[in-house]
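Note that this is a predicted model, so its numbers are computed, not measured. Chain letters run A, B, ... following the sequence lines, proteins first and then strands; every chain starts at 1.
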Amino acid sequence: MSQAKRYTITAALPYANGPVHIGHLAGAYIPADVFARYQRLRKREVLFVCGSDEHGAAITIRAKKEGISPQQIIDKYHSLIENSFSQFGISFDIYHRTSAELHHQTSQEFFKTLHEKGVFVERESEQFFDEPHQQFLADRYITGTCPKCGHDAAYGDQCEKCGTSLSPTELINPKSTLSGEVPVLKKTKHWYLPMDQYQEWLKWWIVNEQRDSLKANVYGQCRSWLEQGLQERAMTRDLDWGVKVPLPNAEGKVLYVWLDAPIGYISATKAWALKHDKRWEDYWQKPDTELVHFIGKDNIVFHCIIFPIILKAHGKYILPKNVPANEFLNLEGNKISTSRNWAVWLHEYMQDFAGKNDVLRYVLLSIAPETKDSEFTWKDFQTRNNSELVATLGNFVNRTVVLTNKYFEGFVPPAGEFTNLENQVLSALSLQKQKIEQLIEHYKFRDALYELMEIARIGNKYLADTEPWKLFKQDPELVKTILNVALQISANLAILMQPFLPETAQKLAKMLNITGLLEWENAGKTALLKNPHQIGKEELLFSKIEDTEIEAQIAKLNASKKTNEAAHLVETAQNATLKPAKNTVTFDQFAGMDIRIATIKAAQKVPKTQKLLQITLDTGLDERTVVSGIAEFFEPESLVGKQVCFLANLAPRAIKGINSQGMILMAESPSGELHLLAPQTILPSGSVVG
RNA sequence: GGCGAGAUAGCUCAGCUGGUUAGAGCGCAGCACUCAUAAUGCUGAGGUCCGGGGUUCGAGUCCCCGUCUCGCUACCA
């Protein structure tokens with residue numbers, strides 16, 4: 001494999017409606033930063049870009065709720081996120097934002113190119129429209145009753161109570177959140193990307209070119225999508241917040257996130273290039289550039305399917321070399337959730353643990369969800385700090401520096417003859433260096449960090465084996481050799497820890513007085529510190545974290561958990577309130593419903609479904625089949641012989657290929673459970689309800 | 001229901017294309033040491049490798065069936 005000329009490294013654009021938390025860091029930003037720092041140390045040309053994703057309906061809705069403008073929302077979070085990253089030391093070359101003029105131009109140009117090449121399919125469809133406000137409604141602008149769980153404040157794209165993803169037309173009693181009125185369906189035109197046309201090519205690319213480099217979780221997910229078959233997707237939306245569609249007669253239309261956010265990587269590159277007088281094309285269009293996207297698993301489709309298709313459709317761009325997506329990080333047994341405030345926020349961490357950025361980097365790297373979901377607990381955080389960073393790494397350096405200062409006034413003693421032991425220990429340095437390089441280049445940051453710590457373990461063992469504090473009185477010459485070796489190990493640590501623990505590396509380099517020797521090529525060398533060199537005073541690299549600090553963090557989490565539960569109770573209570581009365585109907589309208597009592601003769605699960613039962617009813621008049629979405633609440637066998645209320649003259653409808661002739665009526669509890677309605681005494685089938 | 005990823009020591013996780021007594025870190029127990037933030041080193045205990053079949057001279061590793069967890073997806077009047 002030939003060495004790339006330059007690396008374009010991207011980290012997922014954080015959405016500017018909330019702060020950054022440890023899940024984001026562990027999933028994308030810290031691995032990306034380690035990779036970027038490492039490649040820079042290898043003297044490779046690196047461009048590490050990121051920025052805030054500031055468009056989309058979620059931001060406008062939030063703005064509306066808080067009574068401020070979308071601009072105010074994104075300004076607030078953009079600067080909060082940008083400052084957090086910079087204070088934490090994520091070494092972006094540029095942190096841009098998608099509200100920037102340059103980004104709007106860039107994505108519009110991109111859209112225009114695709115449009116001119118005839119890539120898009122224009123298609124009219126019916127979308128909900130708010131008449132009082134005279135605008136089309138984004139999915140999230142519509143609320144209504146969830147058809148699945150009955151939650152009456154479900155959004156048009158998702159019910160937040162049961163998690164089902166929805167389309168707005170599925171909602172029962174849809175309502176516009178703008179005007180509160182019932183929206184009407186109205187025709188609108190959009191530009192679709194016919195992804196199905198790229199299916200074959202994409203499959204070829206993934207199977208042939210990406211098979212070996214993609215991680216199992218990423219490759220599997222991609223194949224899963226390809227198996228299901230790609231479908232055309234709208235690349236534009238009716239919304240007034242975002243990048244305008246650069247065509248005539250496209251008022252009120254913006255580019256959808258697929259053509260907005262990922263282009264943000266490109267516009268960030270342009271912004272950086274302008275400032276540094278470089279050619280942005282080198283980073284996106286030259287085949288000797290390696291493009292690597294660091295993301296979380298929620299973004300796999302985006303970066304492995306849709307973005308490559310868009311880049312390919314454009315024609316001039318290189319495709320990503322790798323997409324090292326991580327799984328999810330859980331927190332104290334629960335999923336991290338921004339909306340439920342179950343998270344450790346970066347900006348709060350930096351306040352509570354000032355000067356301990358590297359501790360968080362270390363812990364999150366050691367538990368990075370590289371192959372499966374993993375778990376952050378404060379207890380584990382404390383243990384890793386106290387027994388790994390303090391006791392193993394910090395302590396080794398401290399022993400070495402203290403002994404050198406004590407015995408030799410801080411002057412690096414000259415090494416004498418090496419025994420097997422010294423040779424072994426010193427050769428381990430270059431071995432560890434190679435291992436770390438290999439592992440980082442294969443995106444195995446957790447293992448790479450382990451190999452770094454291994455050096456400190458080797459150092460501790462070396463001191464324990466040689467016991468210089470015992471030897472000093474009888475044989476100070478030997479002690480000179482020993483401490484010389486221990487100092488070489490420390491110097492190597494300072495160099496090799498740079499990608500992982502940049503602040504500590506600086507601190508250690510200062511202590512050893514070797515800030516000029518930190519080049520990566522120097523790692524593995526065994527005579528970095530030469531005789532007349534004097535090191536500085538000992539200073540602790542890490543400090544212990546006490547139980548009280550951990551308890552405070554856990555208490556903080558529990559407090560937010562309580563707040564959540566309280567909020568949840570309120571929500572349930574609101575849901576428990578009766579639904580508003582429906583509009584008046586005439587007697588004739590009511591009389592049009594043919595509601596009857598029927599007896600269930602047979603019931604069975606509809607194959608390949610989770611909720612559907614196929615039920616045979618004796619209606620008195622005939623025997624008929626009804627398909628009902630109640631399988632979650634009833635065992636089929638238990639239904640046989642039961643009487644039910646049913647709507648006999650509902651227009652038949654084919655469900656899963658079965659003709660459903662009618663609808664069984666159910667009573668629904670506020671929590672969404674379904675219950676049968678039956679007469680209190682057995683009645684003949686066909687008895688009329690009315 | 002379909003698809004994908006997981007299920008390995010108390011905890012967090014490694015185990016590549018199948019090969020001798022299954023590994024690491026942390027935790028735990030004992031011993032040694034005292035230069036060091038009671039830190040370090042050594043030794044040890046601890047595992048039906050989710051369950052059940054099968055292929056093989058040999059399977060944690062391959063095949064089939066099932067259970068559970070996470071994710072994506074379908075159905076939902």
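- Using a 4.0 Å heavy-atom cutoff across all strands shown, A:Ser374 reaches sugar-phosphate atoms only and no base atom.
- For A:Asp358 and A:Lys356, the salt-bridge test fails: no basic side-chain N is under 4.0 Å from an acidic carboxylate O.
- Using a cut-off of 4.0 Å between Lys/Arg side-chain N and Asp/Glu carboxylate O, A:Lys435 and A:Asp447 are scored as not salt-bridged.
- Under the 6.0 Å distance and 45° angle rule, A:Lys297 counts as a cation-pi partner of A:Phe328.
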Review point. Tell me, what's RNA chain B's dot-bracket, Watson-Crick or G-U with both distances under 3.5 Å, | for other-strand, [ ] crossing?
Key: (((((((..((((.....[...)))).(((((.......))))).....(((((..]....))))))))))))....
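- Distance from the side chain of A:Asp465 is smallest for B:G41 among the nucleotides B:U12, B:G41, B:G27.
- Computed from coordinates, the A:Tyr462 OH to B:C42 P distance equals 16 Å when rounded to whole Å.
- Nucleic acid contact class of A:Lys297 (heavy atoms, under 4.0 Å, all strands): sugar-phosphate only.
- B:U69 atom C1' lies 9 Å from atom CG of A:Asp373, rounded to whole Å.
- Only A:Ser387, A:Glu388, A:Val390, A:Ala391, A:Asn395, A:Asn398, A:Arg399, listed by number, bring a heavy atom of residues 386-399 of chain A to less than 4.0 angstrom from any atom of RNA chain B.
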Tabulated below should be each protein N or O lying under 3.5 Å from an N or O of nucleotides 6-8 of chain B; please produce it.
unit_1: B:A7; atom_1: OP1; unit_2: A:Lys372; atom_2: NZ; d: 3.1

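- Taking atom CD1 on A:Ile305 and atom P on B:G4, their separation rounds to 14 Å, with Å as the unit.
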